[in-house]
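Per chain, numbering begins at 1; letters A, B, ... match sequence-line order. Not measured: the values here are computed from a predicted model.
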Amino acid sequence: MTALPVASSKAVRRYARTVVLKHPKELAVALALQALTAACALVIPWLLGDLVQQVQSGVNRVTAMILLIFGFLLLQGATLWLANYYAAKLAEKVVAELREDFVRDVLRLPLSTVESAGVGDLVSRSTRDVDALTQAARTNVPSTLVTATTIVVLLGALLLVRWLMIIPCLLAIPLLWPNTRRYLSRSRDGYLRERASYAKATESLAETISGSRTVEALSLVSWRSLRLRDDIDVSYRAERYTLGLRSVFLPITDTAIAIPTVATVILGGYFYDRGWVSLAGVTAATLYTQQLASLIDVLLFNQDKIQVAGAAVARLRGVSESAEGTAGAHVDGPSPSHARVTAERSPRDLEIRNVNHGYVAHDVLHDVNLVVREGERLAIVGRSGAGKTTLGRLIAGIDPPRSGAVLLGAVPLTDIPRPELRAQIALVTQEYHVFDGSVRDNLLLAKPDAAESELRQCLEAVAAWDWASELGLDARLGPGAHEPTPAQAQQISLARLLLSDPHTLVLDEATSLLNPQLARDLERSLAAVKSGRTVISVAHRLHTAHDAQRVVVMEAGRIVEDGSHEDLLAARGTYAALWNSWHGVGASA
Amino acid sequence: MKPSYQSFVGLSPTSPDVSTPRRFMLRLAVGVRTPIALGVAYGILTMLARSFVPIVTGIAIDQGILKRDQRALLVWGAVMFGLVVFQAVTTTLQERCDFATNIGTSYRVMQLVGTRSAELGATLRKRVSTGEVVNLGIGDITPIGQALAATSRGLGGVAAIVGVAVIMLISAWQLALTVLIGVPALVWLLTRILTPVRRKQRAVRQRQGELAAVAVDIAGGLRVLRGIGGEEHYAQRFRDKSQSVRHASVEAAGLQARAAAARTILNGLFSTAVVWLGAHLVLSGELQVGQLVAFYGYAVFLATPLRWMTDSIEYLAQGQVSAERVSRFLALERDLPDGPAGRPAQERAELADPESGLVFPFGSFMGVACTLPDDVATLADRLGRYTESEVTLAAVPAAELSLANVRERVLVVGNDDYLFAGTLGDGLDPTGRAGTQGVMRAAEIASALDIIEALPGGLGGESQAAGRNFSGGERQRLRLLRALVADPDILVLLEPTSALDALTETSVAGRLRESRAGKTTVVFTTSPAVLGLADGVWYVEDGKAVASGAHSALLADERYKALVTREADTA
């Protein structure tokens with residue numbers, strides 16, 4: 001299993017920078033409000049310092065001071081309200097952009113990439129990672145901004161109180177700096193590993209649920225349970241690793257940030273004794289350093305969450321970058337030789353030229369050459385594993401061939417932008433998926449602006465109107481509501497296909513779940529709905545081949561026979577053998 | 001020793017008490033009692049250490065600074081530092097305990113959900129959607145773990161508040177009273193303020209979950225979208241939902257910001273009141289300056305244990321909600337109860353369905369040809385006892401038999417059976433009883449040797465979830481292979497060769513018949529290549545067996561002939 005790509009930390013930083021620069025005004029407003037809040041928060045200890053000095057010298061201006069403090073408190077509350085609100089507003093905007101980009105980019109990823117990564121990876125990215133990020137953007141990032149601003153203002157205030165009092169704060173740095181660096185350099189990988197292993201455990205659980213009937217049929221309860229336990233165990237260990245990192249990092253940090261507090265009291269006492277600072281100065285500085293310690297604590301706590309969010313962003317952006325990479329490849333694709341116009345070819349003719357292709361280690365298709373004329377009804381038959389499905393996917397432009405080219409007219413499919421390509425060539429396989437939503441939602445995916453009459457026409461064409469209208473086009477499908485049978489799901493797929501109305505259809509066992517007679521009628525009507533439509537069918541039911549104008553027989557990744565049903569029967573080759581066997585050995589009437 | 005989450009969890013893997021969410025939580029808590037107890041102890045210690053810091057600071061100011069006593073200053077400074085280090089260490093220990101409680105419990109619950117899902121088997125999908133259960137296993141495990149781990153922080157918070165109150169009582173009873181009355185009042189007020197915010201946030205989270213479900217839907221449907229080019233429209237649909245979530249979130253954030261402001265003002269008001277009172281006490285000579293600083297420190301510090309307390313109450317409430325959902329799921333029962341006393345099914349039994357009239361003598365290789373595809377599923381569900389019916393095994397109603405036993409004797413294999421991710425060999429022979437040789441033998445029968453050879457790593461190679469890295473025809477042969485490895489007394493196959501080419505179909509059917517000699521095999525199919533090999537064929541119309549006999553004899557029946565012969569009619 002190849003997991004989906006993960007973006008490098010450099011790419012994540014670049015992305016963070018882009019995000020920051022994209023909303024300069026909102027960010028400036030949020031930051032300014034936070035600085036104001038921080039300033040208000042700091043005036044209070046300063047006033048308290050004065051208060052202490054006054055009561056020490058017996059001056060009673062307590063009520064006035066308290067009223068002043070109260071005033072700043074109200075101001076602080078008001079600015080905090082606005083600061084938090086604007087920060088959250090910006091955060092929500094950014095998070096929405098990120099998750100929308102993520103979904104858009106997943107939709108653009110090469111199918112083989114997603115399929116080899118497994119559903120669990122995708123699911124955990126779109127749930128847990130988006131969640132972690134949302135959480136961080138909503139709370140931790142704004143909080144970090146507030147805290148960082150407060151620390152800067154606080155150090156400034158310390159300088160104002162008496163520049164000498166900043167010395168104790170510097171004592172923390174020799175311990176804090178290397179410790180934090182060490183932690184940050186290791187924690188990213190730890191958190192990434194944590195997320196990946198968690199995704200695996202999630203997938204394990206999802207599989208048990210998807211396959212629950214199989215689990216019961218084969219009595220696999222303990223097998224699945226053990227599998228989940230093993231995956232959880234790996235995930236638990238990954239979490240233990242980051243816990244270990246924190247167990248070293250946190251106590252050292254806590255000690256380090258306490259040094260200034262202690263040093264302020266001791267050094268402050270010394271300075272006071274020497275008459276370098278006032279009592280108010282020492283008091284305010286003590287309060288400030290205490291505050292500083294808790295601020296740094298908050299900062300580091302957030303840093304941890306942001307680190308997690310960073311890992312999440314790396315996983316989300318990894319998908320986007322990979323999708324951008326593919327999109328790029330599509331743009332610079334054509335080599336000049338492909339672009340050369342082939343003589344006397346209709347723009348809707350398909351040509352497969354010298355194609356070699358395979359998914360994993362070895363090629364499944366070898367030197368395949370084939371021309372399909374506009375309006376032709378072609379059947380591809382052959383033994384299982386002969387490469388029919390692979391060829392179908394290449395013809396539909398789902399995967400680009402490893403070598404050679406698939407041309408529509410004179411243009412390689414890889415050069416046609418995907419939406420345009422889909423308007424021309426569509427592929428329907430035996431895999432069906434009914435999207436969460438109604439029959440209507442499912443159909444409109446293919447043509448968002450389809451009229452009611454069109455929907456009805458398409459459903460009628462696939463013999464699904466009766467049950468669909470009885471159920472209601474707007475009734476929700478899926479678990480908990482009406483769960484469509486496999487045959488119904490396949491009908492929905494086909495209706496969707498009709499609605500998108502491409503000039504070329506590739507049907508890969510697209511009717512295998514329907515009863516044979518219905519399947520046969522349907523395939524005929526698909527071609528008949530619009531004359532001039534090219535229909536390429538991959539099917540084991542040889543009716544399809546019999547009804548087609550032309551049959552191509554594949555064997556071990558090569559085309560071995562090519563001709564009409566009658567011609568091929570007369571040739572007594574592979575096709576004839578298949579045909580006879582299809583009728584039952586010797587039972588042919 | 002490799003740390004493992006199980007070492008923290010003492011619960012037996014089977015059926016914890018789930019009658020009420022509270023009892024369920026308690027059971028889980030018992031499983032992690034050691035880390036909880038230690039966590040509470042460390043939580044109290046760390047909070048007490050923290051609560052001593054301000055008073056020690058005050059003493060350092062009074063004894064050291066004001067009296068200009070360098071020695072006292074150094075001594076009290078050292079005490080301060082000692083407290084801080086002690087607190088740093090105990091906090092870390094507390095975090096480690098919380099981890100064991102939190103993550104240990106979360107994973108335990110995930111395991112329970114997984115095991116229960118497996119136990120519910122075929123019932124599961126009828127009751128709940130995959131998304132819902134996955135959500136339980138992902139979304140609800142965290143709040144439960146957090147709720148249990150929150151006890152250490154909550155009790156630590158209580159300890160700190162008590163400790164501070166005692167210190168204050170010793171220094172100045174007026175201030176102590178203010179704190180003792182003020183703190184609970186503050187907690188009450190803050191909770192009141194936060195309630196509507198939480199409600200709004202919950203609503204947002206709900207919508208966020210729905211949004212995630214749309215994203216999850218993509219994972220399954222990407223192949224379909226790719227085929228018809230619905231990507232753009234789908235992305236648009238997601239964008240619309242995402243934007244509506246965004247607006248709801250901003251609304252919630254507005255409320256939250258207001259609550260945060262209110263909290264700051266209330267906390268500040270409280271600490272200012274303490275200082276105001278303290279300042280008067282200093283003026284009247286009842287309190288020293290350092291103590292006033294200490295009291296201010298407390299008034300600020302108390303916000304932390306207070307938050308710990310309110311947070312843990314909130315975590316407990318959230319955990320309760322999640323525990324409710326999980327325990328409701330864990331309490332689900334299977335549709336089909338075991339027969340009374342769970343009688344074992346007789347070996348070598350004859351299988352019969354009185355409702356349709358189908359009978360399969362033991363050891364026969366039978367074909368069933370149904371005119372309606374829906375009948376296939378209905379009949380198979382009855383024969384395999386996936387629904388209540390009058391089906392009998394050796395003339396004993398299957399409903400009276402132990403379900404596990406029926407599953408062991410009768411295996412129904414359909415085309416939507418799931419192929420699990422993992423190594424191919426493990427998936428084909430999960431129990432390991434057949435061994436590599438047995439698997440390879442079965443592979444030969446199912447014509448699946450080429451699949452194993454083509455997979456990098458062979459039987460040790462990786463099979464993806466739902467067998468996605470195999471073609472439809474390959475998956476069908478792998479399912480058959482797995483069934484042959486399981487080798488049940490009675491094997492019911494639904495259209496097992498529908499995705500195979502005619503030549504492969506013929507050879508698979510022949511070898512299947514041979515290998516199943518001495519056991520019952522029932523094949524639902526309309527393929528003449530398979531039916532021609534059967535000992536006998538049932539012809540089913542509208543759910544009833546209307547004719548039976550040899551394939552060749554049945555061909556005399558026009559309706560049967562129309563169903564099973566693949567003669568090309570003139571189009």
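Counting heavy-atom pairs closer than 4.5 Å to chain A, the top-ranked of the candidates B/G254, B/A253, B/A377, B/S249 is B/S249. Across B/E474, B/H247, B/R477, the residue that shares the most heavy-atom pairs under 4.5 angstrom with chain A is B/R477. Your options are B/L292, B/L74, B/V412, B/L66, and the one with the most heavy-atom pairs under 4.5 Å with chain A is B/L66. Ranked by heavy-atom pairs under 4.5 Å with chain A, the list B/S447, B/G422, B/G473, B/G268 is led by B/G268. When each of B/A252, B/A235, B/G77 is scored by its heavy-atom pairs under 4.5 Å with chain A, the top score falls to B/G77. Put simply, of B/A499, B/S552, B/G532, the one with the most heavy-atom pairs under 4.5 Å next to chain A is B/A499.
Under the 4.0 Å criterion applied to side-chain N and carboxylate O atoms, B/E231 and A/R108 are not assigned as salt-bridge partners.
A heavy-atom distance below 4.5 Å is found between the side chains of B/F81 and A/I259. Under the 4.5 Å side-chain criterion, counting only non-hydrogen atoms from C-beta, A/R213 is not in contact with B/L124. Contact of the A/F435 side chain with the B/L225 side chain is registered, since non-hydrogen atoms from C-beta on lie closer than 4.5 Å. For the pair B/Q243 and A/E100, the minimum side-chain heavy-atom distance is below 4.5 Å.
Interface residue A/D441: backbone and side-chain heavy atoms are both found under 4.5 Å from chain B. In this structure, chain B has heavy atoms under 4.5 Å from both the backbone and the side chain of A/T255. For B/A466, the part lying near chain A is the backbone, with the side chain staying farther off; criterion is any non-hydrogen pair under 4.5 Å. Both the backbone and the side chain of A/L578 come within contact range of chain B, with heavy atoms under 4.5 Å apart. Contacts of B/L120 with chain A are made by backbone atoms alone, with heavy-atom separations under 4.5 Å and no side-chain atom involved. Heavy atoms closer than 4.5 Å to chain B are found in the side chain of A/L205, but not in its backbone. Looking at A/Y270, the atoms closer than 4.5 Å to chain B (heavy atoms on both sides) sit in the backbone and in the side chain alike. With a threshold of 4.5 angstrom between heavy atoms, B/L73 approaches chain A through its backbone and through its side chain. Within the 4.5 angstrom heavy-atom criterion, atoms from both the backbone and the side chain of B/S117 approach chain A. The contact between B/V250 and chain A is made by backbone and side chain atoms together, counting heavy-atom distances below 4.5 Å. Of the two parts of B/A260, the backbone and the side chain both hold a non-hydrogen atom closer than 4.5 Å to a non-hydrogen atom of chain A. Looking at B/L222, the atoms closer than 4.5 Å to chain A (heavy atoms on both sides) sit in the backbone and in the side chain alike.
Put simply, OG1 on B/T431 and CG on A/L218 are 9.0 Å apart, with the number rounded to the nearest 0.5 Å. Atoms CE and OG1, on B/M110 and A/T202 in that order, are 4.5 Å from each other to the nearest 0.5 Å. The distance from the CG atom of A/D254 to the OG1 atom of B/T92 is 6.5 Å, given to the nearest 0.5 Å. Residue B/Q111 holds its CD atom at 9.5 Å from CG of A/D233, rounded to the nearest 0.5 Å. With values rounded to the nearest 0.5 angstrom, B/W276 atom CH2 is found 8.5 Å from A/I66 atom CD1. We find the CG-OG1 distance between B/L419 and A/T214 to be 8.0 Å, quoted to the nearest 0.5 Å.
Of the possible donor and acceptor atoms, one in the side chain of B/R68 sits under 3.5 Å from a partner among the backbone N and O of A/Y272. In this structure a side-chain-to-backbone donor-acceptor pair under 3.5 Å is present from A/R99 to B/S242. Checking side-chain atoms of A/E207 against main-chain N and O of B/A421 turns up a donor-acceptor pair under 3.5 Å. A/S225 contributes no side-chain N or O that, together with a main-chain N or O of B/T115, makes up a donor-acceptor pair within less than 3.5 Å. The main-chain N or O of B/R246 is never found under 3.5 Å from a side-chain atom of A/E92 such that the two would form a donor-acceptor pair.
Crowding of B/R258 atom CZ: a count of heavy atoms from other residues, nucleotides or ligands under 6.0 Å not exceeding 12.
Between A/Y236 and B/F99, a ring centre-to-centre spacing shorter than 6.0 Å is recorded.
The minimum heavy-atom distance linking B/A118 with A/V215 is given by the pair O-CG1, 3.6 Å. Residues A/S581 and B/T506 share a closest heavy-atom pair of OG-OG1, 2.7 Å.
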List the steps, then state whether side chain to side chain contact (heavy atoms under 4.5 Å, CB included) holds for B/E232 with A/R422. CA-CA 11 Å; B/E232 200 31 61; A/R422 281 299 148 255; over 6 Å; no
Could you walk me through whether A/Y85 and B/Q256 pass side-chain hydrogen bond (donor to acceptor under 3.5 Å, both in side chains), step by step? CA-CA 8 Å; A/Y85 178 66; B/Q256 198 178 2; over 6 Å; no
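Between A/W223 and B/F420, the ring planes are perpendicular. Angles over 60° get that label, and only those under 30° would be called parallel.
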